[in-house]
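Chain letters run A, B, ... following the sequence lines, proteins first and then strands; every chain starts at 1.
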There are 2 protein chains.
Amino acid sequence: MFERKGYDMKINKELMKGSTSILVLALLSREDMYGYQISRRLSLDTGNIFEMKEGTLYPMLHSLENERAVESYWLDAENGKRRKYYRITDHGRKLLNEKQHEWESYSNAVNTVLGGACYE
Amino acid sequence: MFERKGYDMKINKELMKGSTSILVLALLSREDMYGYQISRRLSLDTGNIFEMKEGTLYPMLHSLENERAVESYWLDAENGKRRKYYRITDHGRKLLNEKQHEWESYSNAVNTVLGGACYE
DNA sequence: CTATATACATAGAATATCTATGTATATAGG
DNA sequence: CCTATATACATAGATATTCTATGTATATAG
């Protein structure tokens with residue numbers, strides 16, 4: 001995660017904590033997706049800023065399912081692979097909405113503090 | 001941390017991870033401060049969104065000092081207490097600058113993904 | 001036939017923050 | 001007078017999240 005190709009941009013992995021599930025829920029709010037697709041889409045949408053590893057993504061999808069924020073179903077792809085699709089639930093949408101408000105409060109607060117920073 | 005008074009707004013504590021040191025460095029970039037003052041200021045500046053606990057703040061100040069991002073010195077206050085002030089170093093300012101760029105990339109990426117979210 | 005991409009999954013390591021606790025002094029309230 | 005609260009520093013251990021490493025399996029490209 002956080003290995004930008006070109007000019008080895010490295011973002012502190014810890015920044016990611018707590019917001020990964022928001023990202024996944026946001027993607028699923030638009031369309032059903034399967035795990036591998038989610039990880040690809042995240043890299044694509046963010047110019048490789050986020051590269052969510054499978055060791056992070058799959059356990060998270062399972063725990064989102066446990067808390068009834070998403071539901072899953074299997075489909076066979078034309079390429080011969082089995083794909084486990086995830087669909088967001090009403091509860092999941094509510095959760096996403098809450099998390100988005102949290103994120104706004106949080107990022108505004110960080111920007112407020114950083115806004116006063118002095119570099120020399 | 002993250003207990004907003006009025007309408008028990010609770011922000012996922014995990015969101016904080018990785019950005020706490022940026023906040024501390026940003027405050028110190030403007031003026032020397034002591035630990036207790038930093039924790040108060042953070043609460044004040046962010047409307048109680050951030051309430052950095054002492055168990056988080058003091059160890060972090062120590063590790064920032066270990067990596068030479070800050071320096072400390074003791075002063076006696078007029079109220080009879082001893083205060084350990086922290087001063088940011090040149091290295092610390094460089095670090096702050098880098099971390100701020102990381103934060104921008106990161107928050108832009110999150111906003112990009114959230115921007116496409118659909119709530120019903 | 002071997003490497004790579006796709007596709008799912010789990011166990012254990014690493015790390016950051018929190019909770020809980022400790023010390024000590026000053027001040028306000030009962 | 002005594003106790004609670006605020007100030008001010010500090011550390012040990014619990015908790016939680018993500019990462020690393022590894023595993024399975026199939027299809028396709030070279």
With both distances kept under 3.5 Å, what pairs with D/dA27, Watson-Crick or G-U wobble? C/dT4

Non-hydrogen side-chain atoms of A/Ile22 and B/Val110 separated by less than 4.5 Å: no

Reckon B/Glu54 touches a base, only the sugar-phosphate, or nothing at all at heavy-atom distances under 4.0 Å? base

If you apply the rule salt bridge (Lys or Arg N to Asp or Glu O under 4.0 Å), what do you find for A/Arg41 with A/Glu31, and how did you get there? CA-CA 12 Å; A/Arg41 176 66 71 78; A/Glu31 53 172 331; 3.1 Å; yes

Please give, in whole Å, the distance from C/dA26 P to B/Arg82 CZ? 13 Å

Taking 4.0 Å as the cut-off, does a side-chain nitrogen or oxygen of B/Thr56 come that near to OP1 or OP2 on C/dA16? no

Check the distance between C/dT6's C1' and A/Arg41's CZ and give it to me in whole angstrom. 17 Å

Ring centres of B/Phe50 and A/Tyr106 under 6.0 Å apart? yes

Heavy atoms of other groups near B/Asn66 CG, more than 12 under 6.0 Å: yes

Can you check the B/Tyr73 OH to D/dA8 C1' distance for me, whole Å? 16 Å

Figure out the CG/C1' separation between A/Asp76 and D/dT26, and round it to whole Å. 12 Å

Between B/Lys53 and C/dT17, is there a contact of a side-chain N or O with OP1 or OP2 at under 4.0 Å? no

Among the nucleotides D/dC9, C/dT17, C/dA9, which one has an atom lying closest to any side-chain atom of A/Tyr86? C/dA9

Given that both distances must come in under 3.5 Å, which nucleotide forms a Watson-Crick or G-U wobble pair with D/dT22? C/dA9

Would A/Lys84 and A/Tyr73 count as a side-chain contact (heavy atoms from CB on, under 4.5 Å) if you check the C-alpha gap in whole Å, the side-chain angles of each, and the deciding distance to 0.1 Å? CA-CA 6 Å; A/Lys84 195 175 185 179; A/Tyr73 55 95; over 6 Å; no

Closest nucleotide among D/dA10, C/dC18, D/dA6 to the B/Trp74 side chain: D/dA10

Using a cut-off of 6.0 Å, state whether more than 12 heavy atoms not belonging to B/Arg68 lie near its atom CZ. no

Tell me whether the OP1 or OP2 atom of C/dA7 has a side-chain N or O from A/Arg83 closer than 4.0 Å. yes

Are B/Arg40 and D/dT7 close enough that a side-chain N or O sits under 4.0 Å from OP1 or OP2? yes

B/Gly55 near the nucleic acid: base, sugar-phosphate alone, or nothing, with a heavy-atom cut-off under 4.0 Å? base

Could you go through B/Ser72 and B/Arg87, starting from their C-alpha distance and side-chain angles, then the distance that decides it, and tell me whether this counts as side-chain contact (heavy atoms from CB on, under 4.5 Å)? CA-CA 6 Å; B/Ser72 67; B/Arg87 172 174 44 228; over 6 Å; no

Regarding B/Lys81, tell me which of base, sugar-phosphate or nothing describes its non-hydrogen contacts under 4.0 Å with the strands shown. base

B/Tyr36 OH to D/dA6 P, straight-line distance once rounded to whole Å: 8 Å

DNA chain D: 5'-proximal contact among A/Gly80 and A/Leu57 (nearest heavy atom): A/Leu57

Given atom NZ of A/Lys84 and atom P of D/dT26, what is their separation to the nearest angstrom? 18 Å

Close side-chain approach of B/Arg83 and B/Gln37, heavy atoms under 4.5 Å: no

Length of the line joining A/Met33:CE and C/dT6:C1', which is rounded to integer Å: 15 Å

Tell me whether the OP1 or OP2 atom of C/dA5 has a side-chain N or O from A/Asn79 closer than 4.0 Å. no

Value in whole Å for how far the C1' atom of C/dT19 lies from CD of B/Glu51: 15 Å

Any residue of residues 58-71 of chain B with a heavy atom less than 4.0 Å from an atom of DNA chain D: B/Tyr58, B/Pro59, B/His62

Regarding the side chain of A/Tyr34, the nearest nucleotide among D/dT20, D/dA8, C/dC8 is C/dC8

